[in-house]
Novice: 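Just dropping this structure here.
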Number of protein chains: 2
Amino acid sequence: MPPERKVSGSLLHANVHQELRRRFVTGKIMPGSTLSTRGLALELGVSQTPVREALSRLAAEGAVQIRSKRKIVVPPMTADRFCDLLRCRELLEPEAALAALPMIDRARLKKLKAADDSIGRALKTGDVNAYMEGNFNFHFLIYSAQPRRTLLQLIETLWLQFGPFMRVVYGRFGTANLTDQHELMIGALRRQDAAGLRRALIADIRDGMGLIGASGFEA
Amino acid sequence: MPPERKVSGSLLHANVHQELRRRFVTGKIMPGSTLSTRGLALELGVSQTPVREALSRLAAEGAVQIRSKRKIVVPPMTADRFCDLLRCRELLEPEAALAALPMIDRARLKKLKAADDSIGRALKTGDVNAYMEGNFNFHFLIYSAQPRRTLLQLIETLWLQFGPFMRVVYGRFGTANLTDQHELMIGALRRQDAAGLRRALIADIRDGMGLIGASGFEA
DNA sequence: GTCAAGAATCTGTGATCACACCTGCGAATC
DNA sequence: GATTCGCAGGTGTGATCACAGATTCTTGAC
């Protein structure tokens, strides 16, 4: 069979990487599950090559671990790792949010409000998928407004590792009482209130931390 | 020609990645220079495949940019990016150093002293290579003593992007008067003096920041 | 019926080939 | 002599093939 190349635009491996990245961030992939190059290639209708390239990148970003012996797994969840991730978020995200604060114009505020509404609807219907996606959009609408690309990249790395965990936690404990902080953040952004923004964001991150204490981890 | 496989141990692409990473961290690769898969493959005696995989990882870590049109370059240096990197370092590295502080035993202190001596010798002889390598070893001897792997990974990412820049700066301004902070850090570690450690480390990072102001960047 | 040994299969990894496209160098034309 | 057109070389990218090793299922003997 000839290669049958048609592609659409270009850069298959970039598309694959983005698709997988989306799955990670929105928690569509469970911690501890195993991925295979051939399986993903079949599923996405491409050859192994772009899948391998995408998986290398994800490995570099810590989203998957490449156990050289015949298995490539998304890292299992442990309390230590979860805590480490949250504390790193707590270090980096307030910095990004504060840098973004002066850049928030009316248009972006409108988008933020829309994202928060969509989160609210997801909470009502119990749609965890939509909640995860909305939460991601909400936070990165803020962070991407600031010009420090390296800082943004570090935060993306964290969310990539964090997504699968978050999904497990929310699946286990439900998604109640988590949206208040977003409202506070929007208010602080509107008032250009740096202290309030930092406070609300840290509280938002710590909400996740609180969930963790009791549950036995693994897988 | 038959594949002629001999490998050594295993995992070619891991070796390639590590080799390239070392070159980046120690500044053997200049900002703005271009790399090629075929060239590196030839130079390292492997095929393109492991090189491509390693380069994907490095791209994910921000060490190289993959301009889809025919060129893969190490990002050119700009004042904004340099400043962004340094501020991220300032955010993350003190956190790691303080977490490492209680873990520093006599053996590690001895290694730190040795690394600092080696830096001193490099400064005397003006050996920039040795200085870069020693500086890297010194800092990561500290950071790797603490258990937060994610935090460590983030810092490694920063150094990967930082290495080529640092080399340019030191090549341009010389490496004088930079070692004092390391002595102070060793002293603070010995005394388990958290505040002193933080102060010396931040000063060490800001030393780099000071160098940047006047010079016109690019390339 | 139980357990162990071997075959079949499926995995990641590396090499090689094929292709589209950009870059430069050279020659031909005005 | 200057400008433009075309061809050759080199690039990243994707597909395919080949191989080593691990896992799993089957099959055989006790």
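Chain letters run A, B, ... following the sequence lines, proteins first, then strands; residues in each count from 1. Every value quoted in this text rests on a predicted model; they were computed, and no experiment measured them.
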Novice: Does a salt bridge link Arg121(B) with Asp117(B), judged by any charged N lying under 4.0 Å from a carboxylate O?
Specialist: no
Novice: From NZ of Lys71(A) over to P of dG12(C), roughly how many Å is that when rounded to an integer?
Specialist: 8 Å
Novice: Tell me which nucleotide among dA15(D), dG12(D), dA15(C) gets nearest to the side chain of Leu12(A).
Specialist: dA15(D)
Novice: Suppose we call a contact any N or O donor and acceptor under 3.5 Å apart; does that hold for the side chain of Arg67(A) and the base of dG12(C)?
Specialist: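 Donor-acceptor pair under 3.5 Å: no.
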Novice: Kindly indicate whether the side chain of Arg52(A), heavy atoms from C-beta on, has any atom under 4.5 Å from the side chain of Thr49(A).
Specialist: no
Novice: Please state how far atom CD in Glu53(B) lies from atom C1' in dT13(C), giving the value in whole angstrom units.
Specialist: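 Atom CD in Glu53(B) sits about 8 Å away from atom C1' in dT13(C).
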Novice: For Glu133(A), what residues pass the side-chain hydrogen bond (donor to acceptor under 3.5 Å, both in side chains) criterion, not counting sequence neighbours?
Specialist: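 None.
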Novice: Whole Å only: how far is the CZ atom of Arg38(B) from the P atom of dA15(C)?
Specialist: 14 Å
Novice: Taking the nucleotide of DNA chain D with the closest heavy atom to each, which residue, Thr49(B) or Gly39(B), is nearer the 5' end?
Specialist: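 In this pair, the answer is Gly39(B).
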Novice: Kindly point out which of dG12(D), dG14(D), dT13(C) is positioned nearest to the side chain of Ser36(B)?
Specialist: dG12(D)
Novice: From dC22(C), dG12(C), dT13(D), pick the nucleotide closest to the side chain of Arg70(B)?
Specialist: dC22(C)
Novice: Round to the nearest Å and state the distance from Leu40(B) atom CG to dG12(D) atom C1'.
Specialist: 13 Å
Novice: Does Leu35(B) reach a base, just sugar-phosphate, or nothing at all? Heavy atoms under 4.0 Å.
Specialist: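 Leu35(B): backbone/sugar contact only, no base atoms under 4.0 Å.
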Novice: Is the Phe162(A) to Phe82(A) ring centre distance short of 6.0 Å?
Specialist: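 Here the rings of Phe82(A) and Phe162(A) have centres that are less than 6.0 Å from each other.
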Novice: To the nearest Å, how far apart are Asn15(B) CG and dT13(C) P?
Specialist: 13 Å
Novice: With a 4.0 Å cut-off, would you call Arg22(B) and Glu19(B) a salt bridge?
Specialist: yes
Novice: Donor-acceptor pair under 3.5 Å: do we get one between Arg52(A)'s side chain and the base of dG14(D)?
Specialist: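 Side chain to base: no pair below 3.5 Å.
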Novice: What integer distance in Å separates Leu55(B):CG from dT11(D):P?
Specialist: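 It works out to 13 Å between those atoms.
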Novice: Between atom CD in Gln48(B) and atom P in dT11(D), what is the gap in whole Å?
Specialist: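 It works out to 9 Å between those atoms.
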Novice: Can you check the Leu44(B) CG to dA15(C) P distance for me, whole Å?
Specialist: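 Between P of dA15(C) and CG of Leu44(B): 11 Å.
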